[in-house]
Amino acid sequence: GVLLNVVDRPAWCDFITPAVVRRGALTLAISTGGASPALARRLRLDLEAQFGPEYAVVLEILRRARRLVADRGLDLAAKQRLFGRLVDAPLVEYVREGRRDAIDALLAGLGEGVSLAAIGMDDLGATMSSLFLAAALALYLLTAFTYGAHLLARRAALRHVGLGLM
């Protein structure tokens, strides 16, 4: 009952491990189905460059703003229009540049009183720092877990090969 993943032997695998980019609540996974881990790695690097750490902050802003707007009694179509305009606006660029005033102007489009302060993110710099620190810790823990799982799987594979079960 041990799951096995041998990167260079897809036929022996019970699962494949995609290349993953995480930015807060955003998770992008790339898989080539075992055909080319090198291409998956290259695509992951491209996506890491395209989707920087500011996306974690943008998603946190959107999550909190969505919660605040949800209590205002708007119908689904109205909420979709409001948030559609917000994600089509240069919110990512404003977060990247640290432009609080511009972010607040965009949030005001969601309704009266919606701002960084209203959603509890009035100290954007501190929020960005804490999200980046949490992301770094999560990456460290994931790396440690993955490495440990890799060692266990490798040990199991070698044991099965040694017993002629594969």
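As the structure is a computational prediction, the values presented were derived from the model and not from experiment.
- To the nearest 0.5 Å, atoms CG (L74) and CD (Q80) are separated by 12.0 Å.
- Going from atom CD1 of I30 over to atom CG of L47 covers 4.5 Å, rounded to the nearest 0.5 Å.
- Annotation for A118 and L68: closest pair CB-CD2, 4.1 Å, computed over non-hydrogen atoms.
- In terms of heavy atoms, V58 sits closest to V95 at CG2-CG2, 3.7 Å.
- Remark: R85 engages R81, L82 in a side chain to side chain contact (heavy atoms under 4.5 Å, CB included) (not counting sequence neighbours).
- Taking NZ of K79 as the start and CZ of R66 as the end, the distance is 7.5 Å to the nearest 0.5 Å.
- A search for salt bridge (charged side-chain N to carboxylate O under 4.0 Å, His left out) contacts involving R42 returns D46, not counting sequence neighbours.
- Nearest heavy atom pair, residue A29 against residue P18, reads CB-CB, 4.1 Å.
- Under the ring-ring contact (aromatic ring centres under 6.0 Å, His included) criterion, F51 pairs with Y55, sequence neighbours left out.
- One finds the CG atom of D104 at 11.0 Å from the CE atom of M121 (value rounded to the nearest 0.5 Å).
- Contact record, A65 with L107: CB-CD2, 4.2 Å, taken as the closest heavy-atom pair.
- Two residues are said to be in side-chain contact when any heavy atoms from C-beta on lie closer than 4.5 Å; L110 and R72 fail this criterion.
- Cluster membership check: L45 does not share its hydrophobic cluster with V20, using side-chain heavy-atom separations under 4.5 Å among Ile, Leu, Val, Met, Phe, Trp and Tyr.
- Among all heavy-atom pairs drawn from I61 and I119, the shortest one is O-CD1, 3.8 Å.
- Every side chain to side chain contact (heavy atoms under 4.5 Å, CB included) that A102 has, sequence neighbours left out, goes to Y94, R99.
- Scored by the salt bridge (charged side-chain N to carboxylate O under 4.0 Å, His left out) test, R41 finds no partners at all (sequence neighbours excluded).
- Between A117 and D122, the shortest heavy-atom distance links the atoms CA-CB, 3.6 Å.
- A chain of hydrophobic side-chain contacts below 4.5 Å, direct or via other Ile, Leu, Val, Met, Phe, Trp or Tyr residues, connects L26 to L62.
- Residues satisfying the salt bridge (charged side-chain N to carboxylate O under 4.0 Å, His left out) criterion with E48, sequence neighbours excluded, are R44.
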